[in-house]
Amino acid sequence: MLADSHCHLNYKGLAEDQPAILARARARGVTAMLNIATRESEWDAVVATAEREPDVWATVGIHPNEAGTHPDVDTARLVARAAHPRVVGIGESGLDYFYEHSAKAAQQNGFRSHIRAARQTGLPIVVHTRDAEDDTIAIMAEEMEQGAYPGVIHCFTASGAFADKALDLGLYISISGIVTFKNARDLQDTAARLPIERMLIETDAPFLAPVPNRGKTGEPAFVADTAAFLAKLRGEDEMELRERTARNFHELFAKTRR
């Protein structure tokens, strides 16, 4: 068992040859892939891939960089689309102050709408955060006080302190191929101490191909390389880490077990 908890199979670089991309992933032991939406215009295609492939599931959501162009995507619209049997999560959503392609207020409002959809549906929210640790954790904590909801911090690159706060809120942490990069020492230190029962692995394909594939288009098959690196980093058996993180994926995204 091995799960890629976050990929974009309908993005350029993967969409052109999905069958071969999926075949390579399966050949390396990948048994589950979560196909992530970032804008409403993608939802139909992302869900269609999940309808067609039994080991692929989908999310619906709006990336924070797109928040300003999607003012009408509110909690009700997310909840309605999340009723589809192959939609197992909400997102990705969150805050991105690095690019700030959307105004902070629009990002924050959209983030809260996604959290409320996660609370209403019971589906996990997939959280993107970049250069926005304080506001991200503050909003998540405030919303948690209104009622618990499940979630995961995807492509984790934040501080160890942020990881601890997210874990305290009951969230999972997903590690991408960035952890294999030579200059990712702080991330490696955090990944080495994460509780195994709260850790996921992802590719964020077609981005962030891990060593030894840097410079290539990322694809779900490469999650195996990140798993191997993490096992060595943590001093754990690779097969046990693969299986435990895959089990975590199905526990968090519980709709995948139906």
Side-chain angles (χ1 to χ4, degrees), residues 5-6 8 34 36-40 42-43 59-82 87-176 178 186-187 190 194-195 198-200 202 204 248 252-254:
S5 68
H6 192 113
H8 301 277
L34 186 56
I36 303 291
T38 59
R39 54 182 69 88
E40 190 174 18
E42 299 170 354
W43 291 1
T59 68
V60 290
I62 306 299
H63 191 286
N65 287 336
E66 306 291 335
T69 61
H70 291 76
D72 296 331
V73 177
D74 57 7
T75 297
R77 185 172 296 188
L78 291 163
V79 168
R81 289 302 299 265
V87 173
V88 301
I90 304 295
E92 64 184 285
S93 181
L95 304 176
D96 192 319
Y97 295 171
F98 180 80
Y99 289 113
E100 206 174 331
H101 290 319
S102 294
K104 289 181 179 179
Q107 294 187 42
Q108 293 169 11
N109 290 337
F111 189 22
R112 289 184 187 275
S113 293
H114 284 69
I115 291 173
R116 290 163 187 167
R119 184 186 298 118
Q120 287 187 32
T121 61
L123 302 182
I125 182 169
V126 179
V127 178
H128 170 109
T129 181
R130 189 172 185 186
D131 284 7
E133 286 191 22
D134 290 346
D135 284 356
T136 300
I137 205 70
I139 288 173
M140 290 191 300
E142 288 171 9
E143 290 292 336
M144 197 67 75
E145 291 177 357
Q146 304 303 311
Y149 58 90
V152 57
I153 308 298
H154 113 84
C155 192
F156 185 85
T157 55
S159 67
F162 180 93
D164 293 336
K165 292 174 183 176
L167 292 169
D168 287 344
L169 290 175
L171 303 179
Y172 286 67
I173 303 291
S174 184
I175 302 298
S176 74
I178 292 174
D186 289 346
L187 175 58
T190 299
L194 287 177
R198 302 281 284 285
M199 187 170 73
L200 303 181
E202 67 172 85
D204 202 14
N248 293 344
L252 176 62
F253 295 97

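Quantities reported herein were computed from a predicted structural model and do not represent experimental measurements.
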Query raised in the report: Under the side-chain hydrogen bond (donor to acceptor under 3.5 Å, both in side chains) test, which residues partner Ser174, sequence neighbours left out?
Result: Ser5, Glu202
Query raised in the report: Just how far is it from atom CG of Leu200 to atom CG of Asn248, taken to the nearest 0.5 Å?
Result: 6.0 Å
Query raised in the report: Just by distance, with hydrogens left out, do Ser159 and Glu133 show a side-chain donor and acceptor under 3.5 Å apart?
Result: yes
Query raised in the report: Which residues satisfy the side-chain hydrogen bond (donor to acceptor under 3.5 Å, both in side chains) test with Thr69, sequence neighbours excluded?
Result: none
Requested in this report: Could you note down all residue pairs passing ring pair (Phe, Tyr, Trp, His ring centres under 6.0 Å) where residues 131-153 supplies at least one of them, sequence neighbours left out?
Outcome: none
**Report entry** For Arg81, salt bridge (charged side-chain N to carboxylate O under 4.0 Å, His left out) partners two or more places apart
**Finding:** Asp44
Query - Set of residues satisfying ring pair (Phe, Tyr, Trp, His ring centres under 6.0 Å) with respect to His154, sequence neighbours excluded - result: His6, His128
Query raised in the report: Which residues pass the side-chain hydrogen bond (donor to acceptor under 3.5 Å, both in side chains) test with Glu143, sequence neighbours left out?
Result: Arg112, Arg116, Arg119
Report task. Looking only at non-hydrogen atoms, find the nearest pair between Leu194 and Ile173 and report the distance. Result -> CD1-CG2, 3.7 Å
Query raised in the report: Rounded to the nearest 0.5 Å, how far apart are CG of Leu169 and CE of Met144?
Result: 5.0 Å
Query - Validation row: Thr38, Glu92 side chains within 4.5 angstrom (heavy atoms) - result: yes
**Report entry** salt bridge (charged side-chain N to carboxylate O under 4.0 Å, His left out) partners for Asp164, two or more places apart
**Finding:** Arg193
**Report entry** Partners passing side chain to side chain contact (heavy atoms under 4.5 Å, CB included) against Asp168 (at least two apart in sequence or in another chain)
**Finding:** none
Report summary line: All heavy atoms of Ile178 vs all of Cys155, minimum pair found to be CD1-SG, 3.9 Å
Report summary line: For Phe253 and Pro124 the tightest heavy-atom approach is CD2-CG, 3.7 Å
Requested in this report: Output all residues satisfying side chain to side chain contact (heavy atoms under 4.5 Å, CB included) with Thr121, sequence neighbours left out; order by chain, then residue number.
Outcome: Val79, Ala82, Ile90, Leu123
Requested in this report: For the residue pair Phe162 and Thr190, establish whether any side-chain heavy-atom pair is separated by less than 4.5 Å.
Outcome: no
Report summary line: Glu40 meets the side chain to side chain contact (heavy atoms under 4.5 Å, CB included) criterion, sequence neighbours left out, with Trp43, Ile62, His70, Val73, Arg77
Query - Value rounded to 0.5 Å, distance of OG1 in Thr157 from CD1 in Ile175 - result: 9.5 Å
Query - side chain to side chain contact (heavy atoms under 4.5 Å, CB included) involving Tyr97 - partner list, sequence neighbours excluded - result: Leu95, Lys104, Gln107, Gln108, Asp131, Ala132, Asp135
Query - pair Ile36-His63: side-chain heavy atoms closer than 4.5 Å - result: no
Query raised in the report: Rounded to the nearest 0.5 Å, how far apart are CG of Leu187 and OG of Ser176?
Result: 7.0 Å
Report task. Measure across Ile153 and Phe156 and return the closest heavy-atom pair with its distance rounded to 0.1 Å. Result -> CG2-CD1, 3.8 Å
Query raised in the report: Glu66: what forms a side-chain hydrogen bond (donor to acceptor under 3.5 Å, both in side chains) with it, not counting sequence neighbours?
Result: Arg39
Query raised in the report: When rounded to the nearest 0.5 angstrom, what distance separates NE2 in His114 from OG1 in Thr59?
Result: 8.5 Å
Query - Closest non-hydrogen atom pair, Leu78 against Ala117 - result: CB-CB, 3.8 Å
Query raised in the report: Looking at Arg198 and Leu167, what are the two nearest heavy atoms and their distance?
Result: NH2-O, 2.6 Å
Query raised in the report: Judged by atom type as modelled, is there a donor-acceptor pair below 3.5 Å linking the side chain of Ser93 to the main-chain atoms of Val127?
Result: no
